[in-house]
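The next block holds one structure in the form of structure tokens; read it before the comments.
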Amino acid sequence: MEDCLFCRIVRGEIPSRKVYEDDEVFAFHDIHPQRPLHLLVVPKRHIASLATVTAADEPTLGRLLAVAHQLAAENGSPDGFRVIINTGYVGGQEVGHLHAHVVGGNDPVGPMLKRI
Ligand code: AMP
Ligand code: ZN
């Protein structure tokens with residue numbers, strides 16, 4: 001994926017505030033944080049969204065979720081955090097490379113959704 005924003009961040013072609021990297025996933029600070037802690041965790045290999053995952057992606061998705069606790073604890077959210085994966089048009093996904101938002105801080109992040 002030549003032009004994909006998050007593929008370019010993973011490759012180091014666009015700078016990011018990286019906090020973690022292993023063979024499967026890459027994590028960095030969101031450029032527009034919505035909470036005192038706001039990280040993005042992405043698969044290194046391009047996966048467009050949760051709507052396109054295959055069985056082969058399952059280990060990567062497991063890793064992506066499994067690192068969230070450690071990253072939150074190490075970066076200022078020791079007492080919990082929220083993981084959000086926006087998917088597709090209805091989910092409000094803006095960047096077409098699967099990413100988990102890890103949000104938190106010292107205070108509760110608040111209600112899960114606005115009531116309709
Ligand atoms: P989503 O709406 O779930 O697709 O979220 C995309 C997120 O990517 C937003 O929270 C943006 O602030 C974030 N974002 C966009 N460009 C960058 C960038 N260059 N570095 C870090 N985060 C970014
Ligand atoms: Zn990509």
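Predicted model only: the values in this text are computed from it and were never measured.
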Completion exercise
Of all heavy-atom pairs linking Val102 and Ala72, the shortest is CG1-CB, 4.2 Å

Contacts table for residues 83-90: side-chain donor-acceptor under 3.5 angstrom, sequence neighbours left out:
unit_1, atom_1, unit_2, atom_2, d
Thr87, OG1, Ile85, O, 3.4

Fill in the blank from the handout: Sequence neighbours excluded, the answer for salt bridge (Lys or Arg N to Asp or Glu O under 4.0 Å) partners of Asp22 is Arg63

Exercise for the section: For the residue pair Thr52 and Ile47, establish whether any side-chain heavy-atom pair is separated by less than 4.5 Å. Expected result: yes

Problem - From Leu5 atom CG to Glu94 atom CD, the distance as rounded to the nearest 0.5 Å - result: 11.5 Å

Practice task
Could you tell me which residues satisfy side-chain hydrogen bond (donor to acceptor under 3.5 Å, both in side chains) with Gln93, sequence neighbours excluded, listed by chain and number?
Solution key: none

Practice task
Not counting sequence neighbours, list each pair that qualifies as a ring pair (Phe, Tyr, Trp, His ring centres under 6.0 Å) and has a residue in residues 91-112.
Solution key: Phe6-His99, His38-His101, His46-His97, His99-His101

Problem - Verify same cluster id: Leu64, Leu50 (apolar side-chain graph, 4.5 Å) - result: yes

Problem - Residue pair Ile9 / Phe28, side-chain heavy-atom distance below 4.5 Å - result: yes

Handout entry: Reported CG-to-NE2 distance for the pair Asn75 and His29, which is rounded to 0.5 angstrom
Key = 5.0 Å

Handout entry: In one Ile/Leu/Val/Met/Phe/Trp/Tyr side-chain cluster, 4.5 Å: Ile14, Leu40
Key = yes

Exercise for the section: Could you list all the ring pair (Phe, Tyr, Trp, His ring centres under 6.0 Å) pairs where at least one residue sits in residues 66-88, not counting sequence neighbours? Expected result: none

Practice task
Treat each ILVMFWY residue as a node, draw an edge where side-chain heavy atoms are under 4.5 Å apart, and state whether Val10 and Val53 are in one component.
Solution key: no

Problem - Contact list for residues 25-43, test salt bridge (Lys or Arg N to Asp or Glu O under 4.0 Å), sequence neighbours left out - result: none

Practice task
Only counting residues at least two apart or in another chain, list the ones meeting salt bridge (Lys or Arg N to Asp or Glu O under 4.0 Å) with Glu2.
Solution key: none

Handout entry: Sub-4.5 Å side-chain heavy-atom contact between Phe26 and Pro43
Key = no

Completion exercise
Under a side-chain separation threshold of 4.5 Å, the hydrophobic residues clustered together with Ile31 are none

Fill in the blank from the handout: Residues Thr60 and Val25: closest non-hydrogen pair is O-CG1, 4.1 Å

In a table with atom names and distances, give each donor-acceptor pair under 3.5 Å that connects a side chain of residues 103-116 to protein atoms at least two apart or in another chain.
none

Practice task
Could you list the residues that satisfy side-chain contact (heavy atoms from CB on, under 4.5 Å) with Glu58, not counting sequence neighbours?
Solution key: Ala55

Exercise for the section: With the side chain counted from C-beta on, respond yes when Val67 and Tyr20 share a heavy-atom pair under 4.5 Å apart, and no when they do not. Expected result: yes

Handout entry: Qualifying residue for side chain to side chain contact (heavy atoms under 4.5 Å, CB included) with Val19, from Val41, Leu39, Leu37
Key = Leu39

Exercise for the section: Sequence neighbours left out, what pairs pass salt bridge (Lys or Arg N to Asp or Glu O under 4.0 Å) with at least one residue falling in residues 39-57? Expected result: Glu21-Lys44, Arg45-Asp57

